[in-house]
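These notes are about the structure you will find just below.
Treat the numbers as computed from the prediction; the structure is a model and nothing was measured.
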Amino acid sequence: MSLVRSRLHAMIHRAARSLLQDQGIHNEEDLVLELEIPKIAEHGDYATNAAMTLTRLLRKHPRAIAQDLVERMEGRDDLLAKTEIAGPGFINFFVRPERWSDVLQAIHAQRDAFGRQDFGKGTRVQVEFVSANPTGPLHIGHGRGAAVGDVLANILKTCGYTVDKEYYINDTGKQMDTLGRSLYLRYLECLGRPVDFPDDHYKGEYMKDLAREVVDRFGDRYLAVSEQEALPFFTQYAGDRILEGIREDLAVFGVFHDIWFSERSLHENGALQRTMEALERSGMIYEHDGAKWFRSTAYGDEKDRVVVRANGATTYFAADLAYHKNKYERHYDMVIDIWGADHHGYVPRMMAGIQALGRHPSDLRIILVQLVNLLRGGKPVAMSTRAGEFVTLREVVDEVGKDAARFIFLTRRSDSPLDFDLETAKKHSNDNPVYYVQYAHARLCSVFEVAEERGVPTSWATPPDLRVLTEPAEWDLMKQLGEFPYVLETAARNLEPHRVPYYLTDLVSAFHSYYNHNRILSEDPALTQARLYLADALRTVIRNGLAVLGVSAPQKM
RNA sequence: GCGCCCGUAGCUCAGCUGGAUAGAGCGUCGGACUUCGAAUCCGCAGGCCGCAGGUUCGAAUCCUGCCGGGCGUACCA
C-alpha cells in the first residue's frame with residue numbers, strides 16, 4: 001500500500017526520467033525532486049518545482065517542461081482529480097479525495113511499524129553523546145544533549161540505519177587526579193582533619209556525600225597511608241561512583257547507551273601510541289618548541305594543534321584522534337558526535353583529524369547543541385558549576401517529569417539556545433506542547449472506551465466503507481497522517497529531531513479542532529465506523545511519534 | 001582582534017535546504033461544555049523576516065559589509 005505522496009513522487013520521477021532520456025541525458029543521480037505542500041489551498045494538495053529545476057538541463061521554458069511532464073505522468077487519473085501548471089512553472093496537484101483514505105489502511109496494516117523505512121539500508125551509524133566527564137552529576141545542558149542524541153538514534157533506526165549509542169568516558173588525565181584529590185581532602189575533613197580545600201578542586205556537595213560514604217565503608221584506614229599512596233583509590237572510587245550516578249540519571253531520563261567507551265583504554269592498549277605513529281609516518285606531525293604538533297592547518301584549521309606536550313604528556317585532542325580512529329576501525333560508515341556548543345572551536349581540528357586519518361569529511365557529522373537557560377517563572381535560575389551550585393538533570397526530571405523534559409528539549413533546533421522554564425514545563429496548558437499531544441492520545445483512547453461500552457465494534461478484519469469520510473477536515477487529517485514517514489525521513493536525512501515534535505503538535509492540533517466540530521460516535525453506524533477507523537489511525541501515529549521521542553502515550557491523564 | 005552560532009508578531013519559536021499572498025503557541029480582548037475528556041475549540045488584533053547592498057525568473061532562506069546578542073579563541077579536559 002503506497003501512500004499518496006510517494007506515488008506522486010514516483011510518478012513525477014518517472015516522467016522526468018523519460019523526458020531526460022528522450023533528450024539523451026542520463027545523469028539521473030542529479031534528479032532531486034521536491035514535493036511540497038503549498039501554503040495556499042488553491043495551489044493544490046501538493047506542488048513540485050521540478051520543471052524549474054530541469055530548465056538548466058533541458059534549456060526550455062519551465063512552463064513548457066511542466067506541460068511535457070504532466071503529459072508523461074502515467075496513471076495520474078486514478079490519483080489526481082486535477083493538475084495545473086501555475087506561476088513560473090509550478091505543477092500543482094489536486095488529489096482525488098477518496099485517495100486520502102489509503103493511508104488509513106496502511107496504518108492499520110502496519111500498526112507500530114507505520115513510519116518505519118529502509119532507506120538507511122543498514123548503514124552503520126554511531127551516535128556519541130552526553131560523554132560528560134565523570135567529575136559530577138549531569139546538569140540540564142547534558143540533558144538536552146541526551147535527548148537530542150537518543151531521539152536522533154531512534155529516528156535513524158526507524159529509517160533503516162544500524163545505530164549504536166555510545167558514551168565516551170574521560171576517565172583519565174588531570175581532571176581525574178583533581179577529582180580524586182578532592183575526594184581525599186573531603187575524606188580527611190570528614191574525619192576531623194584540618195584541610196585547606198583549593199579553589200580549583202571540586203567543591204560540590206556530592207563530593208562530601210561521597211566522602212562520608214568512604215568513611216562508612218572503609219573507616220579511617222587511609223589516614224595511615226601517604227596522600228600519594230591513597231590517591232589512586234580515591235580517584236578510582238570517585239570516578240566509578242559518579243559514573244554510576246550518571247548512568248542512573250540517564251536511565252531515569254529514558255536514555256540508555258549501548259557502549260561505554262573508556263578513554264583510559266586508549267592509553268593502556270597502545271591505540272593512542274599507534275595513532276600518533278601513523279600520523280607521524282604520513283608527515284602530519286612535527287616537533288616545535290619541544291612539543292609535537294598535528295598539522296591541522298593542512299585541512300583548514302586556523303592553527304596547528306599540540307598532541308604531545310613538551311613534558312611528554314599527550315593532550316586530550318591526541319586521545320580524541322585515537323578515539324575517532326578507533327570508531328572507524330569499528331566499521332562505522334557515519335559517525336555523529338553531539339557536543340555542547342561551547343566546544344564549537346574544536347570542530348575544525350576534529351574534522352582535520354579524521355581527514356588526516358584518511359576519512360572523508362562527510363563521514364563525521366558534528367551536531368552542536370546550544371546552551372540551556374534554566375528559568376523558573378521567567379526568572380533565571382542561578383547555575384554556577386564552579387561553586388557547585390547547579391541544578392542537576394535529575395532534579396529537573398524529578399520536578400517536571402521525563403516526558404515534559406524530553407519534549408521541551410526537542411522543540412527547538414539544536415543550534416538555537418533554549419529557555420527551559422520549570423513552571424511552564426509543569427503547566428497543563430497549551431504553552432506546554434507535551435500535554436497537548438498526550439491529551440489527544442488519551443482523548444482518542446477514551447472515545448474507544450465509550451464505543452466499547454456502547455457495544456460499537458472497534459476492530460476490523462476488513463476496512464469499513466471509508467467513502468463516507470467527506471469532511472475536508474477528515475481529508476486533511478488523513479493527508480497529515482500520510483506525511484509521518486516523510487517527516488521521519490527528513491528528520492533523519494538532516495539530523496533534525498525537532499521536526500518530529502513539531503509534526504505531532506500540528507497533527508494533534510488538527511485533530512483537536514476536528515474533534516470539537518464533529519462527533520466520532522454518532523447515530524449513523526457507517527459514519528461511526530469510518531470515523532473510528534480514522535481515530536484509531538490517529539492514535540497509532542501519535543503513539544508511534546511519541547515512541548520515537550521516548551515520551552509515553554498515556555491512555556488516561 | 002579573529003572564528004562559530006543566532007537576530008522572524010509584545011514573548012517563546014517554526015518556516016520542508018531558493019518558490020507563489022509570512023506560520024504556530026503564549027499573552028490581550030471576545031465567544032463555545034444537558035453531547036465521545038474544556039489539559040480542548042472558535043474569532044479579533046498583531047510583521048520593513050536586524051540594516052544596507054549583491055546573485056536571478058524568484059531571497060526570511062545563498063554571498064558581502066555593517067549593527068546587536070551568545071559562545072569560543074590553551075603545551076585544560
| query | Name the stems that RNA chain B belongs to, where each is three or more consecutive Watson-Crick or G-U pairs with both distances under 3.5 Å? | reply | B:1-5 with B:69-73, B:10-13 with B:23-26, B:29-32 with B:40-43, B:50-54 with B:62-66

| Check: G3(B) base within 3.5 Å donor-acceptor of His344(A) side chain | yes

| note | Separation of G19(B) atom C1' from Ile37(A) atom CD1, nearest Å, is 15 Å

| Sequence neighbours excluded, which residues qualify as side-chain contact (heavy atoms from CB on, under 4.5 Å) partners of Val306(A)? | Ala291(A), Trp293(A), Arg309(A), Thr315(A)

| field | Any pair counted as salt bridge (Lys or Arg N to Asp or Glu O under 4.0 Å), so long as it reaches residues 482-492 of chain A, sequence neighbours left out | value | Arg5(A)-Glu483(A), Glu489(A)-Arg493(A)

| said: List the residues meeting side-chain contact (heavy atoms from CB on, under 4.5 Å) with Glu496(A), not counting sequence neighbours, and say none if there are none. | reply: Asn494(A), His498(A), Arg499(A)

| request: Sugar-phosphate means primed atoms, P, OP1 and OP2; the rest is base. With that split, encode nucleotides 22-27 of chain B 5' to 3' as B, S or - using protein heavy atoms under 4.0 Å. | output: -S-SS-

| remark: Contact check, residues 171-183 of chain A vs RNA chain B, heavy-atom distance under 4.0 Å, returns Thr172(A), Gln175(A)

| Judged by modelled atom types alone, do Tyr514(A) and Glu474(A) share a side-chain donor-acceptor pair under 3.5 Å? | yes

Produce the list of close N/O pairs, under 3.5 Å, pairing protein atoms with atoms of nucleotides 30-34 of chain B; give distances to one decimal.
none

| task | List in numerical order all residues of residues 442-449 of chain A for which some heavy atom is under 4.0 Å away from an atom belonging to RNA chain B. | result | Ala442(A), Arg443(A), Ser446(A), Val447(A)

| message | I'd like to check the side-chain hydrogen bond (donor to acceptor under 3.5 Å, both in side chains) partners of Arg376(A); sequence neighbours left out, ordered by chain and number. | response | Glu399(A), Glu423(A)

| query | Does anything in residues 173-182 of chain A pair up under side chain to side chain donor-acceptor pair (under 3.5 Å), and if so which pairs, sequence neighbours excluded? | reply | Asn133(A)-Gln175(A), Arg181(A)-His201(A), Arg181(A)-Glu227(A)

| With sequence neighbours excluded, residues passing side-chain hydrogen bond (donor to acceptor under 3.5 Å, both in side chains) with Asp506(A) | none

| Looking only at N and O atoms, is any donor in the side chain of Asn49(A) or the base of G19(B) less than 3.5 Å from an acceptor on the other one? | yes

| Glu268(A): what forms a side-chain hydrogen bond (donor to acceptor under 3.5 Å, both in side chains) with it, not counting sequence neighbours? | none

